[in-house]
Novice: 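If you scroll down you'll find the structure; I have some questions about it.
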Amino acid sequence: MKYNSNLLKSINFLMLIFVVSVSCAQEKPITHDPVVAKQGDTYYLFCTGPGITSFTSKDLKTWTKAAPVFAEQPNWAKDVAPGFNGHIWAPDITLYNGTYYLYYSISAFGKNTSAIGVTTNKTLNPTDKNYKWEDQGIVIQSAPNRDLWNAIDPNLIFDENETPWLAFGSFWSGLKMVKLNDDLKTVAQPQEWYPIARRDRSPGLLDADAGDAAIEGPFIFKKGDYYYQFLSWDYCCRGEESTYKLVVGRSKSVTGPYVDKEGKKLNKGGGSLVIEGNKNWYGVGHNSVFTFDGIDYTFMHGYDASDKALPKLIVKEITWVNGWPTVEPME
């Protein structure tokens with residue numbers, strides 16, 4: 001989620017997203033912050049929405065809305081964000097040792113009154129007798145005036161030693177990474193935290209202020225010798241004024257430093273453009289990357305100029321050119 005001076009307009013726009021009915025199969029469902037897993041012959045998409053919105057597909061082209069992950073909000077949500085209204089942000093899905101781990105964000109809009117939680121399931125198929133999402137609670141939490149970072153937009157990545165790391169962050173001082181225990185639910189001790197990307201924040205701002213360093217949504221993907229960090233710059237959630245764009249950097253170490261094509265560190269404001277909006281799509285970003293049947297795909301949302309600037313699912317194949325990810329521009 002993005003933070004800007006026109007807060008009321010952004011909130012109204014987000015509410016419009018979630019009251020639109022999406023019951024039939026469609027090619028570009030209304031989606032924000034999508035991630036995808038494949039089980040059997042079915043793709044399962046999870047995204048920002050009431051209880052974590054979900055869709056299914058057989059071909060990555062047509063999608064049918066499914067039941068949300070949470071029928072009731074996590075029992076700790078209002079302790080973190082007293083005004084929480086059921087909309088859960090920016091999930092991340094991983095299959096590990098036969099269990100699906102679905103990370104998610106609880107937050108107060110425009111504040112770092114936030115926490116990342118995780119829920120688990122043995123299967124994604126709701127007709128399976130073992131289907132049951134079981135919430136595991138808070139993994140990390142941020143608080144205004146204590147932390148200059150925001151505990152939202154999680155992404156789990158394992159390094160070459162199978163050590164789990166959680167990348168996350170939005171605005172404030174940028175994107176972070178923290179080492180987890182093997183249970184994937186708790187921070188490892190002694191704690192190891194790393195900054196992995198940032199942009200310049202105007203000086204003199206209060207720590208509780210999100211600021212103007214518009215950066216968020218890290219997603220780290222291992223390809224060959226490199227870890228590629230995808231991240232989103234600029235503003236989402238503004239309808240036709242959205243300016244989201246996707247950039248990337250890479251590193252041979254999961255904790256960085258990540259650099260762009262020009263060698264500029266992402267911690268120094270670096271980032272090579274992957275894709276941006278145009279007259280038909282006001283902005284595109286907050287992506288995830290997965291390999292299905294030997295093909296690398298990126299999933300993201302874009303604001304559709306032909307349909308009230310609603311956020312729609314964008315799926316693109318990745319081509320690797322000289323060691324860097326490329327996708328076809330928006331049409």
Side-chain angles (χ1 to χ4, degrees), residues 33 35 90 92 94 96 103 105 112 114 116 139-140 142 147-182 184 186-201 211 213-234 244-275 285-291 296 298 300 318 320-326:
D33 315 328
V35 294
D92 180 68
T94 299
Y96 179 71
Y103 294 84
S105 313
N112 62 340
S114 309
I116 291 170
V139 181
I140 59 171
S142 58
D147 305 310
L148 200 62
W149 47 272
N150 194 12
I152 67 170
D153 294 1
N155 171 237
L156 180 69
I157 178 70
F158 294 87
D159 67 18
E160 63 275 13
N161 299 314
E162 293 301 309
T163 301
W165 298 85
L166 191 69
F168 62 94
S170 176
F171 279 67
W172 278 271
S173 63
L175 310 184
K176 314 292 182 185
M177 175 177 284
V178 63
K179 184 178 179 181
L180 298 183
N181 286 313
D182 290 341
L184 307 188
T186 54
V187 174
Q189 302 293 329
Q191 295 189 15
E192 292 186 44
W193 297 72
Y194 295 89
I196 55 173
R198 64 177 294 275
R199 300 178 82 183
D200 287 338
R201 171 183 168 93
I215 182 173
E216 66 179 9
F219 193 95
I220 298 175
F221 180 75
K222 183 71 168 9
K223 182 76 171 181
D225 294 333
Y226 288 97
Y227 297 90
Y228 291 83
Q229 181 188 171
F230 295 84
L231 57 152
S232 295
W233 280 1
D234 300 338
Y244 237 12
K245 56 183 61 71
L246 188 67
V247 301
V248 70
R250 70 184 187 183
S251 172
K252 290 190 174 181
S253 170
V254 73
T255 57
Y258 289 85
V259 299
D260 65 16
K261 291 180 181 179
E262 306 303 319
K264 187 175 182 178
K265 293 180 180 179
L266 268 58
N267 272 335
K268 300 292 185 180
S272 295
L273 182 67
V274 178
I275 193 169
H286 202 121
N287 82 316
S288 57
V289 181
F290 300 97
T291 304
D296 297 331
T298 181
M300 69 200 90
I318 296 177
W320 298 87
V321 179
N322 298 323
W324 291 94
T326 63

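Hydrogens, waters and symmetry mates are skipped; everything else that's a heavy atom, side chains included, is used. Position 1 is the first residue of the sequence; numbering continues from there.
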Novice: Determine the minimum heavy-atom distance between Trp149 and Ile140, stating which atoms define it.
Specialist: CZ3-CD1, 4.5 Å

Novice: In terms of relative ring orientation, are Phe221 and Trp320 parallel, tilted or perpendicular, with 30° and 60° separating the classes?
Specialist: parallel

Novice: For a 4.5 angstrom cut-off between non-hydrogen side-chain atoms, does Pro154 reach Ile116?
Specialist: yes

Novice: Examine Phe290 together with Phe219 and report whether their ring centres are nearer than 6.0 Å.
Specialist: yes

Novice: So do Leu156 and Tyr103 actually touch side chain to side chain, heavy atoms under 4.5 Å?
Specialist: yes

Novice: Stepwise, does the side chain to side chain contact (heavy atoms under 4.5 Å, CB included) test hold for Lys261 with Asn322?
Specialist: CA-CA 10 Å; Lys261 291 180 181 179; Asn322 298 323; over 6 Å; no

Novice: Applying ring-ring contact (aromatic ring centres under 6.0 Å, His included), name anything that partners Tyr227, two or more places apart in sequence or on another chain.
Specialist: none

Novice: Does a donor on one side chain and an acceptor on the other come within less than 3.5 Å for Asn112 and Ser142?
Specialist: no

Novice: Quick one: closest heavy-atom pair of Trp233 and Gly270, and the distance?
Specialist: CZ2-O, 3.5 Å

Novice: Quick one, Val274 and Val247 - any side-chain contact, counting heavy atoms below 4.5 Å?
Specialist: no

Novice: Applying ring-ring contact (aromatic ring centres under 6.0 Å, His included), name anything that partners Tyr194, two or more places apart in sequence or on another chain.
Specialist: Trp165

Novice: Are any side-chain N or O atoms of Thr291 and backbone N or O atoms of Asp296, one a donor and one an acceptor, separated by less than 3.5 Å?
Specialist: no

Novice: State whether the number of non-hydrogen atoms from other residues, nucleotides or ligands found under 6.0 Å of Glu262 atom CD is greater than 12.
Specialist: no

Novice: Does some side-chain heavy atom of Glu216 sit less than 4.5 Å from a side-chain heavy atom of Tyr244?
Specialist: yes

Novice: Starting from the C-alpha separation in whole Å, work towards a yes-or-no answer on side chain to side chain contact (heavy atoms under 4.5 Å, CB included) for Ile196 and Thr255.
Specialist: CA-CA 7 Å; Ile196 55 173; Thr255 57; 5.8 Å; no

Novice: State, to 0.1 Å, how close Gln191 and Gln189 come at their nearest heavy-atom pair, and which atoms those are.
Specialist: NE2-NE2, 3.4 Å

Novice: Side chains of Ser253 and Ser251: donor-acceptor distance under 3.5 Å anywhere?
Specialist: no

Novice: Quick check: closest heavy atoms across Ala151 and Ser114, and the distance to 0.1 Å?
Specialist: O-CB, 3.6 Å

Novice: List the atom pairs, donor and acceptor, that lie under 3.5 Å between side-chain atoms in residues 173-181 and the rest of the protein, sequence neighbours left out.
Specialist:
from	atom 1	to	atom 2	distance (Å)
Ser173	OG	Leu148	O	2.4
Ser173	OG	Lys176	NZ	3.0
Lys179	NZ	Glu192	OE2	3.4
Asn181	ND2	Thr186	OG1	2.8
Asn181	ND2	Val187	O	3.3

Novice: Are the side chains of Leu266 and Leu231 in touch, meaning some heavy atoms are under 4.5 Å apart?
Specialist: yes

Novice: Does Ala213 offer a backbone N or O that forms a donor-acceptor pair with the side chain of Arg199 under 3.5 Å?
Specialist: no

Novice: Over 60° means perpendicular and under 30° means parallel, so tell me whether Tyr96 and Phe158 are parallel, tilted or perpendicular.
Specialist: parallel

Novice: So, taking the atom named CG in Asp92 and the one named OG in Ser105, what distance separates them when rounded to the nearest 0.5 Å?
Specialist: 9.5 Å

Novice: Side chain to side chain contact (heavy atoms under 4.5 Å, CB included) between Tyr258 and Lys265: does it pass, once the steps are laid out?
Specialist: CA-CA 6 Å; Tyr258 289 85; Lys265 293 180 180 179; over 6 Å; no

Novice: Any salt bridge between Asp225 and Lys223, counting N to O under 4.0 Å?
Specialist: no

Novice: How close do Pro195 and Asn267 get, heavy atom to heavy atom, and via which atoms?
Specialist: O-ND2, 3.0 Å

Novice: Without swapping roles, check the side chain of Asn155 against the backbone of Phe168 for a donor-acceptor pair under 3.5 Å.
Specialist: no

Novice: Just wondering, are more than 12 heavy atoms of other shown residues or ligands nearer than 6.0 Å to NZ in Lys222?
Specialist: yes

Novice: Is it the case that more than 12 heavy atoms not belonging to Asn161 sit under 6.0 Å from its CG atom?
Specialist: yes

Novice: Hey, are the side chains of Thr298 and Ser288 touching, using non-hydrogen atoms and a 4.5 Å cut-off?
Specialist: no

Novice: For a 4.5 angstrom cut-off between non-hydrogen side-chain atoms, does His286 reach Asp153?
Specialist: yes

